[in-house]
Novice: 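Submitted below is the structure of interest, expressed as structure tokens.
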Amino acid sequence: MQYQQVQILLVQLQNELRDLQLWQSQAPSAEALQSTQPFAVDTLAFHQWLQFIMIPRMENLVQARRPLPTSMAVSPMAVQVYSGQLKRHRMLINCLRELDQAVTGQDPLQPDQA
């Protein structure tokens with residue numbers, strides 16, 4: 001059930017990126033994709049990291065039924081990245097928040113859940 005929910009949310013995430021016209025037809029360079037920084041902040045825009053790194057990795061885990069991350073907090077990064085355009089990116093942030101919750105069982109935007 002968790003894998004199915006994550007897969008649905010990954011499709012929704014792709015659709016949100018397309019709706020915001022952030023989906024790219026051409027991948028960044030291989031060098032840019034090799035970043036070791038969190039969210040590849042040194043080589044990619046956040047939406048590129050989502051499309052070319054996070055989504056494919058999560059899809060691979062789901063398809064192979066491999067263990068999902070025990071810790072995941074992508075939505076707080078989205079809030080930070082899009083802080084000047086929260087209204088425009090609200091659906092994208094909400095989708096990432098739901099994905100964080102589906103994977104970990106916790107809402108990273110509500111840190112006082114103990």
Side-chain angles (χ1 to χ4, degrees):
M1 180 71 171
Q2 182 187 24
Y3 290 113
Q4 183 179 6
Q5 183 181 10
V6 169
Q7 183 61 49
I8 290 167
L9 290 167
L10 289 172
V11 170
Q12 287 178 5
L13 176 57
Q14 292 173 47
N15 290 336
E16 286 301 324
L17 289 169
R18 285 184 180 96
D19 288 348
L20 291 166
Q21 298 181 335
L22 296 174
W23 192 260
Q24 294 180 211
S25 57
Q26 188 168 342
S29 70
E31 296 81 27
L33 295 172
Q34 297 301 315
S35 171
T36 58
Q37 295 294 311
F39 305 103
V41 296
D42 59 335
T43 59
L44 299 175
F46 181 67
H47 67 274
Q48 292 174 311
W49 176 83
L50 289 171
Q51 179 180 349
F52 296 105
I53 296 178
M54 196 274 289
I55 292 172
R57 286 183 184 169
M58 291 298 293
E59 285 179 334
N60 287 338
L61 292 176
V62 167
Q63 290 170 2
R65 296 295 195 254
R66 300 202 55 206
L68 297 174
T70 55
S71 174
M72 184 167 139
V74 179
S75 55
M77 181 64 173
V79 169
Q80 180 180 343
V81 168
Y82 301 120
S83 63
Q85 300 175 312
L86 289 176
K87 187 174 182 178
R88 181 172 189 265
H89 294 89
R90 179 177 50 86
M91 297 299 290
L92 176 67
I93 293 167
N94 286 343
C95 185
L96 289 169
R97 185 178 187 181
E98 288 182 44
L99 186 59
D100 287 340
Q101 288 176 307
V103 170
T104 67
Q106 295 195 9
D107 183 348
L109 294 177
Q110 299 293 327
D112 55 352
Q113 300 177 26

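None of these values were measured; they are calculated from a predicted model.
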Novice: Specify the closest pair of heavy atoms between Gln34 and Ala30, including all atoms of both residues, with the distance to one decimal.
Specialist: CG-O, 3.0 Å

Novice: With a 4.5 Å cut-off on side-chain heavy atoms, are Leu9 and Val103 touching?
Specialist: no

Novice: Which atom pairs, donor and acceptor, lie under 3.5 Å between side-chain atoms of residues 41-48 and protein residues at least two apart or in another chain?
Specialist:
{"from": "Asp42", "atom 1": "OD1", "to": "Ser35", "atom 2": "OG", "distance (Å)": "2.5"}
{"from": "Thr43", "atom 1": "OG1", "to": "Ala32", "atom 2": "O", "distance (Å)": "2.6"}
{"from": "His47", "atom 1": "NE2", "to": "Gln24", "atom 2": "OE1", "distance (Å)": "3.4"}
{"from": "Gln48", "atom 1": "OE1", "to": "Ala45", "atom 2": "N", "distance (Å)": "2.7"}
{"from": "Gln48", "atom 1": "NE2", "to": "Gln24", "atom 2": "OE1", "distance (Å)": "3.0"}

Novice: Would you give the length of the straight line joining atom CG of Leu17 to atom CD of Gln51, rounded to the nearest 0.5 angstrom?
Specialist: 7.0 Å

Novice: Quick check: closest heavy atoms across Ile53 and Leu33, and the distance to 0.1 Å?
Specialist: CD1-O, 4.0 Å

Novice: I need the minimum non-hydrogen distance between Thr104 and Thr70, along with the two atoms involved.
Specialist: CG2-O, 3.7 Å

Novice: When the ring planes of His89 and Tyr82 are compared, do they come out parallel, tilted or perpendicular, using 30° and 60° as the limits?
Specialist: parallel

Novice: At what distance, to the nearest 0.5 angstrom, does SG of Cys95 lie from CG of Leu10?
Specialist: 8.0 Å

Novice: By side chain to side chain donor-acceptor pair (under 3.5 Å), which residues pair with Glu98, not counting sequence neighbours?
Specialist: none

Novice: Does any part of the side chain of Met54, heavy atoms only, come nearer than 4.5 Å to the side chain of Leu96, both counted from C-beta?
Specialist: yes

Novice: Taking all non-hydrogen atoms of both residues, which atom of Gln26 and which atom of Phe52 are closest, and how far apart?
Specialist: O-CZ, 3.6 Å

Novice: Where do Val74 and Leu99 land on the side chain to side chain contact (heavy atoms under 4.5 Å, CB included) test, with the steps shown first?
Specialist: CA-CA 8 Å; Val74 179; Leu99 186 59; over 6 Å; no

Novice: To the nearest 0.5 angstrom, please state how far the CD atom of Gln85 sits from the CZ atom of Arg90.
Specialist: 14.5 Å

Novice: Any non-hydrogen side-chain atom of Tyr3 less than 4.5 Å from a side-chain atom of Leu68?
Specialist: yes

Novice: Out of Arg57, Glu59, Met58, which one pairs with Ile55 under the side-chain contact (heavy atoms from CB on, under 4.5 Å) rule?
Specialist: Glu59

Novice: When you compare the side chain of Leu22 with that of Leu50, does any pair of heavy atoms fall below 4.5 Å?
Specialist: no

Novice: Tell me whether the count of non-hydrogen atoms from other residues, nucleotides or ligands lying under 6.0 Å of CZ in Arg65 goes above 12.
Specialist: yes

Novice: Please check if the side chain of Gln2 supplies one atom and the backbone of Ala102 the other of a donor-acceptor pair under 3.5 Å.
Specialist: yes

Novice: Less than 4.5 Å apart, side chain to side chain, heavy atoms only: is that true for Pro76 and Asp100?
Specialist: yes

Novice: Please examine the side chains of Glu16 and Asn94, heavy atoms only from C-beta on, and report whether any two atoms are closer than 4.5 Å.
Specialist: no

